[in-house]
Chemist: 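First the structure, then my questions, so here it is.
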Amino acid sequence: MRVFAYDEHRLGLKPVYRRVWARRGERPKAVVAHRYRWFYLCTFVEPETGESLSLLVDGIDTEVMSWALREFRGWLGEEEGEVWVVLDRAGWHVSPRVEVPEGIRLVFLPPYSPELQPVERVWPLVNEAVANRYFADLEALMEAVERRWLALQRDRELLRRHTLFHWWPGAKGSA
């Protein structure tokens, strides 16, 4: 049986700031324009192997959650047995209106415990592509995030190191 972690990350035209090196006495400058348009990166990661799937969506609700689970099931393939997906208790995750495909079992983390969600540790890696940068529009930002995610997806060992917690099922045998 395979166990995946799932979470969403909101990215938008409101900038992500990071510390940068600068000469003593000089202030670094970052061009920004505060705009409130965003999208979500919905990500499934198997911490034991680093295998992952991400989907870009323009909003999140129970309908999008149901669609993401169907896409995930299709990505796994029909021959795959039961798969567990560990996720937090966001309203669109626990809603009875979420349609969970056959062969997927949702396992919820305790309330108010983002530190237990393995995918949370991946978001700073994604933010590296957009930190301290100006994007003219949402499409340019999405392209930068997509390029970054494809690079992360190829580096399974990096994803594994960031998501495989000591308590994760199977972690003792593969760590």
Side-chain angles (χ1 to χ4, degrees), residues 1-21 30 38-58 60 64-65 67-88 90 93 101 103-107 109 113-175:
M1 179 184 59
R2 297 174 74 182
V3 183
F4 283 80
Y6 170 82
D7 200 19
E8 305 93 5
H9 182 46
R10 186 173 81 171
L11 291 141
L13 293 175
K14 188 171 180 184
V16 174
Y17 295 115
R18 289 268 174 92
R19 291 177 176 242
V20 296
W21 289 97
W38 50 78
F39 64 94
Y40 291 83
L41 184 66
C42 300
T43 302
F44 296 88
V45 175
E46 185 177 28
E48 203 169 338
T49 65
E51 194 172 359
S52 63
L53 169 71
S54 277
L55 306 163
L56 294 173
V57 296
D58 60 0
I60 194 79
V64 172
M65 182 66 193
W67 172 80
L69 288 170
R70 285 192 304 274
E71 289 291 314
F72 176 63
R73 186 69 207 167
W75 176 74
L76 289 171
E78 293 300 320
E79 66 280 351
E80 191 73 45
E82 186 178 57
V83 174
W84 288 16
V85 177
V86 176
L87 61 169
D88 59 26
H93 296 168
I104 292 182
R105 179 173 175 205
L106 302 182
V107 179
L109 291 168
S113 58
E115 67 278 1
L116 297 177
Q117 174 54 271
V119 185
E120 286 284 341
R121 297 202 37 214
V122 174
W123 303 143
L125 299 174
V126 173
N127 286 346
E128 287 177 7
V130 299
N132 300 332
R133 290 187 54 199
Y134 170 79
F135 293 93
D137 56 23
L138 203 57
E139 288 72 29
L141 175 65
M142 289 173 82
E143 287 176 18
V145 169
E146 183 179 21
R147 280 192 307 274
R148 177 63 180 157
W149 183 256
L150 290 173
L152 288 171
Q153 197 172 27
R154 286 189 296 272
D155 193 350
R156 288 184 179 183
E157 186 55 34
L158 179 66
L159 288 177
R160 186 176 175 279
R161 281 195 318 265
H162 276 78
T163 60
L164 188 59
F165 293 173
H166 70 279
W167 53 264
W168 193 261
K172 297 217 185 307
S174 60

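Sequential numbering from 1 along the given sequence is applied to the chain's residues.
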Chemist: Just how far is it from atom CG of L76 to atom CD of E71, taken to the nearest 0.5 Å?
Modeler: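 Here the rounded value is 11.5 Å.
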
Chemist: Which atom names give the shortest non-hydrogen contact between E115 and F165, and what distance separates them?
Modeler: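 Residues E115 and F165, closest heavy atoms: O-CE1, 3.6 Å.
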
Chemist: I'd like to know if the side chain of Q153 and the backbone of S52 have a donor-acceptor N/O pair within less than 3.5 Å.
Modeler: yes

Chemist: Compare all side-chain heavy atoms of M65 with those of L87 and state whether any distance is below 4.5 angstrom.
Modeler: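 A side-chain contact exists here, since the closest heavy-atom pair is under 4.5 Å.
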
Chemist: From E48 CD over to T163 OG1, what is the distance, rounded to the nearest 0.5 angstrom?
Modeler: 10.5 Å

Chemist: Take atom CH2 in W75; do more than 12 heavy atoms of anything else shown fall under 6.0 Å from it?
Modeler: yes

Chemist: Looking at L159 and L152, what are the two nearest heavy atoms and their distance?
Modeler: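 Minimum heavy-atom contact is CD1-O, 3.5 Å.
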
Chemist: Atom CD1 in I60, atom CH2 in W67: separation rounded to 0.5 Å?
Modeler: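 Going from CD1 on I60 over to CH2 on W67, the span is 9.0 Å.
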
Chemist: Which of parallel (below 30°), tilted (30 to 60°) and perpendicular (above 60°) describes F72 and F44?
Modeler: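 F72 vs F44 ring planes: parallel.
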
Chemist: Report yes if the side chains of L69 and L106 come closer than 4.5 Å at any heavy-atom pair, otherwise no.
Modeler: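 SC-SC contact between L69 and L106 confirmed.
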
Chemist: Considering all heavy atoms of both residues, which atom of R160 and which atom of P47 are nearest to each other, and what is their separation?
Modeler: CG-O, 3.2 Å

Chemist: F4 versus T49: any side-chain heavy-atom pair under 4.5 Å?
Modeler: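 Not in contact.
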
Chemist: Find the distance between SG (C42) and CZ (R10) and round it off to the nearest 0.5 Å.
Modeler: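 Those atoms lie 13.0 Å apart.
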
Chemist: Please round to the nearest 0.5 Å and tell me the distance separating atom OH of Y40 and atom CG of L55.
Modeler: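 One finds 15.0 Å between OH of Y40 and CG of L55.
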
Chemist: Verify the neighbour count for atom CD of E157: are there more than 12 heavy atoms of other residues, nucleotides or ligands below 6.0 Å?
Modeler: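 Yes.
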
Chemist: So do the side chains of L56 and W149 get within less than 4.5 Å of each other, counting heavy atoms only?
Modeler: no

Chemist: Can you measure from NE2 (H162) to CG (L125) and round to the nearest 0.5 angstrom?
Modeler: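 H162 NE2 to L125 CG: 4.0 Å, rounded to 0.5 Å.
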
Chemist: Which atom pair, heavy atoms only, marks the closest approach of Q117 to A5?
Modeler: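 For Q117 versus A5, the nearest heavy atoms are OE1-CB, 3.4 Å.
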
Chemist: Looking at A129 and R148, what are the two nearest heavy atoms and their distance?
Modeler: CB-CB, 3.4 Å

Chemist: So, do H9 and N127 sit near enough that their side-chain heavy atoms are less than 4.5 Å apart?
Modeler: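 SC-SC contact between H9 and N127 confirmed.
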
Chemist: Side chain of H93, backbone of D88: donor and acceptor closer than 3.5 Å?
Modeler: yes

Chemist: For residues V119 and Y6, determine if any side-chain heavy atom of one lies less than 4.5 Å from a side-chain heavy atom of the other.
Modeler: no

Chemist: In the structure I gave you, are the side-chain heavy atoms of V64 and D58 within less than 4.5 Å of one another anywhere?
Modeler: no

Chemist: How close do E80 and R2 get, heavy atom to heavy atom, and via which atoms?
Modeler: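 Closest heavy-atom pair between E80 and R2: OE2-CD, 3.0 Å.
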
Chemist: May I have the step-by-step check of side-chain contact (heavy atoms from CB on, under 4.5 Å) for M142 and L11, ending in yes or no?
Modeler: CA-CA 9 Å; M142 289 173 82; L11 291 141; over 6 Å; no

